[in-house]
Amino acid sequence: MRKIISFLCVLSLLSTLLTPFSLFGDETDPASAIWSGEAAGGFAGGDGSTNDPFRIESAEQFAYFAKEVNGGRSFAGKTVLLACDIYLNDDLIRLDGDTGLVIVSEENIHTAYLTFGIHGDDSGMNELFDYTDVQPGLWLIRDTVLPDPTDPPQTLADCYTGTFREFSTINGFDGIFDGGGHCVSGLYIDGREDDPVGLFGKGNGSIHNLRLENSLIYGAGGACGIACDMQLLENCHSAAFVYGSKAGGLGLDGKADFCEFNGIVSGQEAGGVLYEGEAENCRNNGTVYGLFAGGILYNGTAYLCENSGTVKAFSYSSDNKLRAGAAGGIAYTGNISHCKNSAAVNAYSQVGGIAATAISRDTSIRYCQNRGNVSGYYYVGGIVGYGTAENCSNHAPVYGNYHHIGGIAGMGNATLCFNTGTVEGTLIVGGIIGGNDSDNKFAILQCYNLGTVNASNEAGGIVGSGDSMLVTDCYNGSEVNTITSVAGGIAGDGKDLTLIRCHNMGNIRGRFHMGGVIGKQEANCSIQQCYFMQDCVTSPATTQPIGIGSYPIEDLPDPYTKAVNYKLIKYDFDFDFENTWQMGSDNNPFPILQDLHHGDHIFVWKVEPAYLRTKADCHSAATYYPVCACGMIDTAYETAGDVAHSLGDLQFDDDYHFRLCSLCKEACQRAPHQFAKGITVEKENEHFVVYKCTDCGKELSLPLASYETDLPTLTVILYIAAGGLVGAICVYTVLTLRTRAKKQKKTKDFV
């Protein structure tokens, strides 16, 4: 009888464990189904207020919402909540990583490819689609595209017979749309008209907490993923394929805050997050193609943004004229500050790790950093292809196949910048600026280079060719190499060039016109207080005095202090050691620039509102950006501090240990007990085995007489019990078999 009672206690325990629970409460999302193509007669509930928003719980209700807005209902002052994931079409769209083409396929039909003007892809896989007359936005069948470029391409209607249901862009929404963290999937819009298309079009409203995936939007007049022209996009994520003459991964215009793009966007002018507008705290992990392309936006303002997705500009020829592509890791052009690029950027002309161009008065690049490879044909820079940079740094290789290649800019101005990446090109190559021409009056102020500079001709540690330039308070600490001629520690050559307070610590190698400071001095050059290490030049055929216009360090004329074993004791010139310069360490005993002397930014975490990335809630911690003492912010983020739950003491139940949040009463850090081998004790003339949880110390006492079992059997019972009814049946079977084996006879089941 005692064993029967004990077993019934076990069944009671199992029934408790079988009771379902939710880690996030009892509420679950409504079930979602593929859109039928019809619109519902209303919302699931709500009055549109902040506390009781209109609720969308099906694709048909979402279609009803779109129908209402497009019919003239603006929802001004109202809130609409998406309460579940919405599936507008099946998952038929995918990207072919080998060809760079978007594919739509289904059994028993042709496979359709969407072209978007990426000609001459390096993989060589899409050569059939590389003809200049195949324009972006056309659907093609691979086996019907012939090498003859005059063959008319086929469109989607000719080659795709699937079940795509097209969705209408929601135009005129003036309220608040809260996605609730849910996803709209399978959106398909084929806009052949002049109006921009996307999930939302024009309106004065705002979109929050919405995800868009597995979707395709094509617009001849412009295309966006989530909202083409709204007041605000906040905490929105898109992994759509977006194509249009003007294209933005999430939006065409407006403001985006804490948004992220993970899809593909392509257009004549393209931006990963926005086409134009304001982007803050945004990130692109997707791929951006365009004639003019930017990782975050095509044109506008970017602050605290990061690009880690590939940015590539295509070029094409028509009417015997080259349309050369330009690209920037953050933007084609605009006002950019405190941003970072860590991905490859490739284009033909005007290519930069941060921006393609920033030369006009209403554009600027400040406190930015590049760590992605930058490559192109000419006007290629680690930060900007053609423009001005301030307080910026490049740490990645920069390669140009032709001229004006620089660690910071191909052509332009640089102030308080430095480069540590290798810079390589054919001619006019510099560690900071590639070069200038006589039509501009550019300057390089307080910059340094630590990256190797390689060129066929005209290479300089700071500037390759410095016509009509001013270079002050700069130094070079790496090699400068040319295959043919003209290489200098500071400048390759120059006309109307002024060099003041510069010095070179790198070796110079080449054949002709080599110099420790300048390789080839032309008319009207002024070189003042510039110095270089003795014997730094290696040239088998020097045609002019080495280091013309300056002095080797070992030959400083009186009354200047000489260096002892290349260790400068001090400079008695106009070097400002109070505000600009400081002496280096024993390993680098030459003057270095203050505030830039670390050679790389030193980031620290500051839990301050200015560096906030995401706000805390009861499920996640706030995240912050790290910041350097110079003001540069690294947009790679981590969680700072504990999660925002207010957690109490450890609590127990029969199968779990956990902590309760005093704010939302959620059971946090919930984990099953792990019981270790117990000890046998005697209580009231009965023997018990006491097991203790190795994580929380909770004790479990089992009567030895009732459970002639061991820890492995107990563990199996506890874990199977959590599995449900099947677990209970298995436990019952184990105990029955044990009883049969012990009594050596058949027993009846309990009723």
Side-chain angles (χ1 to χ4, degrees), residues 29-48 52-76 78-93 104 106 156 160 162-193 195-219 223-230 233 236-242 250-251:
D29 290 340
S32 298
I34 302 298
W35 182 37
S36 65
E38 302 296 328
F43 294 109
D47 59 13
D52 189 17
F54 294 123
R55 291 174 59 86
I56 295 175
E57 296 183 356
S58 69
E60 285 72 23
Q61 291 171 9
F62 190 72
Y64 165 78
F65 165 63
K67 181 180 178 181
E68 288 290 293
V69 176
N70 290 332
R73 186 178 176 185
S74 71
F75 287 85
K78 300 295 183 179
T79 300
V80 180
L81 173 67
L82 183 62
C84 65
D85 292 345
I86 297 296
Y87 299 91
L88 298 176
N89 284 289
D90 287 317
D91 296 343
L92 299 177
I93 307 169
V104 175
E106 196 175 65
L156 179 63
Y160 183 69
T163 58
F164 267 176
R165 291 187 175 91
E166 197 165 352
F167 196 82
S168 298
T169 297
I170 304 171
N171 277 309
F173 179 69
D174 296 338
I176 297 173
F177 186 88
D178 185 354
H182 292 290
C183 179
V184 173
S185 180
L187 173 67
Y188 172 58
I189 298 177
D190 189 355
R192 302 288 170 169
E193 304 300 327
D195 293 334
V197 293
L199 180 58
F200 288 83
K202 297 180 180 180
N204 295 315
S206 59
I207 315 296
H208 308 260
N209 311 314
L210 180 64
R211 294 186 294 121
L212 179 66
E213 296 179 357
N214 195 58
S215 297
L216 174 60
I217 302 101
Y218 170 72
C224 67
I226 292 180
C228 292
D229 189 5
M230 302 290 282
L233 282 169
C236 292
H237 302 254
S238 172
F241 304 134
V242 180
L250 279 85

N89 side chain to G186 backbone, donor-acceptor under 3.5 Å: yes

Side chain proximity check, N70 to S168, heavy atoms < 4.5 angstrom: yes

Straight-line distance of I170 CD1 to K202 NZ, nearest 0.5 Å: 16.0 Å

Shortest non-hydrogen separation from G198 to C228 and the atoms involved: N-SG, 3.8 Å

Any donor-acceptor pair under 3.5 Å from D174 side chain to N204 backbone: yes

Heavy-atom side-chain contact between Q61 and F65 under 4.5 Å: no

NE2-CD1 distance between H237 and I226, expressed to the nearest 0.5 angstrom: 8.5 Å

Heavy-atom side-chain contact between L250 and I207 under 4.5 Å: no

Centroid-centroid distance, F177 to F75, less than 6.0 Å: no

Over all atoms of both residues, closest heavy-atom pair of G201 and N171: CA-OD1, 3.1 Å

Non-hydrogen side-chain atoms of V69 and F200 separated by less than 4.5 Å: no

Any donor-acceptor pair under 3.5 Å from S74 side chain to G172 backbone: no

side-chain contact (heavy atoms from CB on, under 4.5 Å) between D195 and T169, worked out: CA-CA 10 Å; D195 293 334; T169 297; over 6 Å; no

Closest contact, heavy atoms only, S58 versus C84: N-SG, 3.9 Å

Charged tip of R73 within 45° of F54 ring normal and under 6.0 Å: yes

Closest non-hydrogen atom pair, R165 against S36: NE-O, 3.4 Å

Heavy-atom closest contact (I189 atom, E166 atom, distance): C-OE2, 3.9 Å

For the student: nearest non-hydrogen atoms of L88 and A59, plus distance: CD2-CB, 4.4 Å

Among Y188, F62, F167, ring pair (Phe, Tyr, Trp, His ring centres under 6.0 Å) partner for W35: F167

R211 side chain near D85 side chain, heavy-atom distance below 4.5 Å: yes

Interatomic distance, E60 atom CD to K67 atom NZ [nearest 0.5 angstrom]: 13.0 Å

Atom pair CD1/CD1 of I34 and I86 - distance to nearest 0.5 Å: 10.5 Å

Gap between atom CD1 of I176 and atom CE of M230 - 0.5 Å precision: 10.5 Å

Between CG on residue L199 and CD1 on residue I217, distance to nearest 0.5 Å: 8.0 Å

